[in-house]
Amino acid sequence: MRHPVRLGIALTLALAAAGCSAAAGGGSDDAGGSTAPSGTNTTAGSGAAKAVSVTSCGRELSFSGPPKRTVALDQTSTETLLELGLQDRMAGTANLKTKIPAVYEAAYATVPVIAPKIATGEQLRAATPDFVVAGSTDLYTEDRAGSREELEALKVPTFVSAVDCPEHNPPGTTPFELLFSDYENLGKLFGAEKRAAELTADQRAAVAGAGRNAAKVPGGADRPTVVYLYSVFNGMPYVAGGTSLPSEMSRIVGAKNVFDDVAEDWPEVSWEEVARRNPDFIVIGDLSERGRPGDSAAEKRATMTGHPVISRLPAVRDDKILEVPGIELDPSVRSVHALGLIAQGMKDLGHVR
């Protein structure tokens, strides 16, 4: 989930129902639970507080009852909590990288923004949290929100997405399964097990649906190859490497990421190396809302068609290019939407029998 440069990610998105179904699901399952996003129904349980424990990124977190003042340090964590209907358990959010989808707008409006960008330790402490959630460990540093050890000493437990620390999970666990474990663990901590189970089931079904592509795609050496162009920074392309979620997306839909051999999420490569690997198709992450030079899908297309080498690739020359919202290429509740776009795009490009 870490990027070689800290990039804002933009999105103009109509969420797929299987991807983000807050508008159809429930919120916290206990009687003191949250008011779910507008249009949702919550199901109350017994309301009795009970001790719960989960393990997050190698640390055991124990609570005598559901957290009441949670701070989410990034947009990914914020949207996961909103998807689970937990906005009234949130004391703050930070680091908004793009517009909040319409399905979350009403719920998001009730949560204080403690920092528009990355939160500092002072901003976090001012929110008096009893729990902190983040998508990646690099938000827990001394010059940011504070280390996990420091916050633990203050009796504030910290959660990190399992996707960012696969070494603490069983070998071979896929990034999507790690993402689903986040939903389940957070649901357990907040007494929102039912909503977490529904979300997990919906997204697991969406992954399985996209996976039906693989049976209809040529295998072996004939498997279609792909490059994921996430960003262009100082003229250099940043692409999905072998540890990224897009590599897993490729495997699911029956394609092969040509940079699978690079053990990074988003390595910087050269245009010449992209040309040498000659992908059958290209997936562009659209970052239009950020507004910097080269962010939009149109600008990325123009860069490739104007490049003396890349412009000669069949994938570019024949417009075998798919566009997906850039934020969905990082692990989040939105990622199954991008997976569906890629599966459908492969069909449209003729890679599926």
Side-chain angles (χ1 to χ4, degrees), residues 22 25-37 40 42-94 104 107-108 110-111 124 127-137 139-140 145-146 148-149 151-165 168-169 173 177-204 331-333:
S28 180
D29 302 327
D30 69 309
S34 56
T35 303
T40 67
T42 57
T43 303
S46 66
K50 61 180 180 179
V52 295
S53 296
V54 301
T55 299
S56 174
C57 208
R59 293 175 182 267
E60 184 175 355
L61 312 181
S62 297
F63 294 81
S64 59
K68 297 179 179 179
R69 294 191 57 79
T70 299
V71 170
L73 293 179
D74 56 6
Q75 186 166 350
T76 293
S77 301
T78 295
E79 292 181 1
T80 298
L81 295 175
L82 296 180
E83 178 70 31
L84 294 174
L86 299 171
Q87 59 271 12
D88 69 349
R89 300 296 184 86
M90 297 177 67
T93 180
Y104 301 137
Y108 180 76
T110 68
V111 182
L124 176 61
T128 62
D130 60 2
F131 186 38
V132 184
V133 182
S136 59
T137 56
L139 293 171
Y140 293 113
R148 297 187 79 191
E149 292 79 9
L151 292 169
E152 187 176 274
L154 296 173
K155 308 300 183 185
V156 180
T158 57
F159 184 95
V160 179
S161 172
V163 185
D164 199 51
C165 42
H168 292 291
N169 295 279
T173 308
E177 287 300 327
L178 294 176
L179 191 60
F180 301 158
S181 75
D182 288 344
Y183 308 157
E184 292 164 351
N185 282 332
L186 289 169
K188 181 179 179 182
L189 289 179
F190 285 96
E193 291 98 331
K194 180 182 177 182
R195 176 65 198 124
E198 291 170 347
L199 174 60
T200 299
D202 287 347
Q203 295 207 347
R204 189 172 279 125
S332 74
V333 292

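For reference, positions follow the sequence shown, starting with 1. Every value quoted in this text rests on a predicted model; they were computed, and no experiment measured them. Every heavy atom of this structure was used, including side-chain atoms; hydrogens, water molecules and symmetry mates were not.
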Practice problem: Find the distance between OG1 (T173) and NE2 (H168) and round it off to the nearest 0.5 Å. | Solution: 13.0 Å
Practice problem: Output the distance between atom CZ (R195) and atom OG1 (T200), rounded to the nearest 0.5 Å. | Solution: 9.0 Å
Contact between [X] and [Y] at the side-chain level, heavy atoms closer than 4.5 Å - yes or no?
X    : Y    : value
L124 : V156 : no
L84  : F190 : no
V132 : R148 : no
E83  : L199 : yes

So which atom in [X] and which in [Y] form the shortest heavy-atom distance, rounded to 0.1 Å?
X    : Y    : answer
V160 : C57  : CB-CB, 4.0 Å
L178 : S181 : O-OG, 2.6 Å
S136 : D164 : CA-OD2, 3.3 Å
L82  : Y104 : CD1-CB, 3.8 Å
V71  : A127 : CG2-CB, 3.9 Å
A72  : T78  : CB-OG1, 3.3 Å

Quiz prompt | Set of residues satisfying ring-ring contact (aromatic ring centres under 6.0 Å, His included) with respect to F63, sequence neighbours excluded | solution =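 By the ring-ring contact (aromatic ring centres under 6.0 Å, His included) rule, F63 matches F131.
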Quiz item: Side chain of K188, backbone of E193: donor and acceptor closer than 3.5 Å?
Solution: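 Answer holds: no.
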Exercise. Give the C-alpha distance, both sets of side-chain angles, the deciding distance and a yes or no for side-chain contact (heavy atoms from CB on, under 4.5 Å) between L81 and R89.
Key: CA-CA 9 Å; L81 295 175; R89 300 296 184 86; over 6 Å; no
Self-check item: side-chain contact (heavy atoms from CB on, under 4.5 Å) assessment of E198 paired with K194
Solution: CA-CA 6 Å; E198 291 170 347; K194 180 182 177 182; 3.3 Å; yes
Quiz item: Can you check side-chain hydrogen bond (donor to acceptor under 3.5 Å, both in side chains) on S77 and D74, steps first, answer last?
Solution: CA-CA 6 Å; S77 301; D74 56 6; 2.6 Å; yes
Quiz item: Of L179, D182, L186, which is the lone residue that meets side-chain contact (heavy atoms from CB on, under 4.5 Å) with T80?
Solution: L186
Quiz item: Can you list every salt bridge (charged side-chain N to carboxylate O under 4.0 Å, His left out) pair that touches residues 56-68, not counting sequence neighbours?
Solution: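 As it turns out, the salt bridge (charged side-chain N to carboxylate O under 4.0 Å, His left out) pairs with a partner in residues 56-68, which skip direct neighbours, are R59-E149, R59-E152.
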Practice problem: For T128, check side-chain hydrogen bond (donor to acceptor under 3.5 Å, both in side chains) against everything at least two apart and list the hits. | Solution: R69
